Amino acid sequence: MTGELLLGYSSAFMIGLLGGVHCLGMCGGISASLSMAVPIGAGFRVRQSVLIMGFNLGRIASYTLLGALLGILTTQAVGAWTALGPILRTIAGLLLILMGLSLGQWWQGIQVVERVGAPVWRRLSPLTRRLMPVRYPSQSLALGLLWGWLPCGLVYSTLGWAALQPTVTSAALTMLCFGLGTLPSMLATGYAATSLQHWRQHPGFRRLMGACLIVFGVWTLPVTARLLSQFG
């Protein structure tokens, strides 16, 4: 079981890392605005770093909470109905494939999935506007906690992977690892928003990352696992 858990955590981290291009589009703008909100002067870098880190800590905390809430539902359901495991794995794989297609700009079908979280976001988004402009660490942390609920296909794809975990704790840790995987892109956006814009919009780079997610999604599917076991 330990090996399976480590595989789940590392997989979630890789999803966040590979999907960093998507994060630049969904959350990069707000992260960059935190940098611009800090006036140039003594201690600029320190204040900039505190605001950026506060936002990302709040965002990752929300992902972890989402994983825990989902784990409460799925771990009990899987325990009562063992056939649910392959179904959840199939959903997770399909979501990753959809996310890869979207990231590579081949097909935007993932937007249908993102609408699931729209009702919640309509209630939370007015609260984010009240926190802007961000001047204090408490504001950036609160903004990150709210921003983590933004409808996002990449988050939902990883939640599908978190749903496969055997305990609430492991589901939460899966989303924590995902959040940590997105951190390099988000930190880089906060410090170098202009230079990273070129990479985010580069078709070849987006297609490469999208293809990686598609391969990962195909590997997640139970039918793939059965085929690989036959060759093993």
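Note that the coordinates shown come from a computational prediction; the quantities given were computed from them, not determined experimentally.
- Here the closest heavy-atom approach between residue Met175 and residue Tyr63 is recorded as CB-O, 3.1 Å.
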>> Checking Glu114 against Gln111 for the side-chain contact (heavy atoms from CB on, under 4.5 Å) test, could you report, in this order, the C-alpha distance in whole Å, the side-chain angles of both residues, the deciding distance, and whether it holds?
In response: CA-CA 5 Å; Glu114 291 177 342; Gln111 293 178 358; 4.0 Å; yes
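- Ring centers of Phe178 and Phe13: at least 6.0 Å apart, outside the cut-off.
- Ser140 and Arg135 share no side-chain donor-acceptor pair at under 3.5 Å.
- Closest heavy-atom contact between Val134 and Leu143: CG2-CD2, 3.8 Å.
- The two residues Pro151 and Ala118 make their nearest non-hydrogen contact at CG-N, 3.9 Å.
- For the residue pair Leu187 and Ile52, the shortest heavy atom distance occurs at CD2-CG2, 3.7 Å.
- Under a hydrophobic-cluster definition in which Ile, Leu, Val, Met, Phe, Trp and Tyr are linked whenever side-chain heavy atoms come within less than 4.5 Å, directly or via other members, Phe55 and Tyr136 are assigned to different clusters.
- Two residues are said to be in side-chain contact when any heavy atoms from C-beta on lie closer than 4.5 Å; Leu159 and Leu66 meet this criterion.
- Across all their heavy atoms, Trp121 and Pro126 have their closest contact at O-CD, 4.5 Å.
- Across all non-hydrogen atoms, the minimal contact from Leu131 to Gln139 is O-NE2, 3.2 Å.
- Under the side-chain contact (heavy atoms from CB on, under 4.5 Å) criterion, Thr220 pairs with Arg89, Ala92, Leu96, Trp161, Phe216, not counting sequence neighbours.
- Looking at heavy atoms from C-beta onward, Leu17 lies in side-chain contact with Pro184 at the 4.5 angstrom threshold.
- In this structure a side-chain-to-backbone donor-acceptor pair under 3.5 Å is missing from Arg59 to Gly148.
- Expressed to the nearest 0.5 Å, how far OG of Ser62 lies from CG of Leu57 amounts to 11.0 Å.
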> Can Ser102 and Met99 be said to form a side-chain contact (heavy atoms from CB on, under 4.5 Å), step by step?
Replying inline: CA-CA 5 Å; Ser102 174; Met99 191 64 244; 4.2 Å; yes
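- Val112 and Trp107 fall into different hydrophobic clusters, where Ile, Leu, Val, Met, Phe, Trp and Tyr residues are linked whenever their side-chain heavy atoms come under 4.5 Å apart, directly or through other members.
- From Ile60, atom CD1 reaches atom SG of Cys177 across 10.5 Å, with rounding to the nearest 0.5 Å.
- Distance check: Leu145 CG to Leu124 CG gives 11.0 Å after rounding to the nearest 0.5 Å.
- Under a hydrophobic clustering in which Ile, Leu, Val, Met, Phe, Trp and Tyr are joined whenever their side-chain heavy atoms come within less than 4.5 Å, directly or via other members, Ile97 and Val223 fall into the same cluster.
- Summarising the geometry, atom CD belonging to Gln108 is positioned 9.0 Å from atom CG belonging to Leu101; distances are rounded to the nearest 0.5 Å.
- Rounded to the nearest 0.5 Å, atoms CG (Leu164) and OG1 (Thr75) are 12.0 Å apart.
- Side chains of Leu154 and Leu213 form a contact here, defined as non-hydrogen atoms less than 4.5 Å apart.
- There is a path of hydrophobic side-chain contacts, each under 4.5 Å, that joins Trp106 to Phe205.
- Taking CG of Asn56 as the reference point, atom CG of Leu51 lies at 11.0 Å (rounded to 0.5 Å).
- Scored by the side-chain contact (heavy atoms from CB on, under 4.5 Å) test, Ser170 finds Leu5, Tyr9, Gln165, Pro166, Thr167 as partners (sequence neighbours excluded).
- Linking ILVMFWY residues whenever their side-chain heavy atoms come closer than 4.5 Å, directly or via other members, leaves Val116 and Ile72 in distinct clusters.
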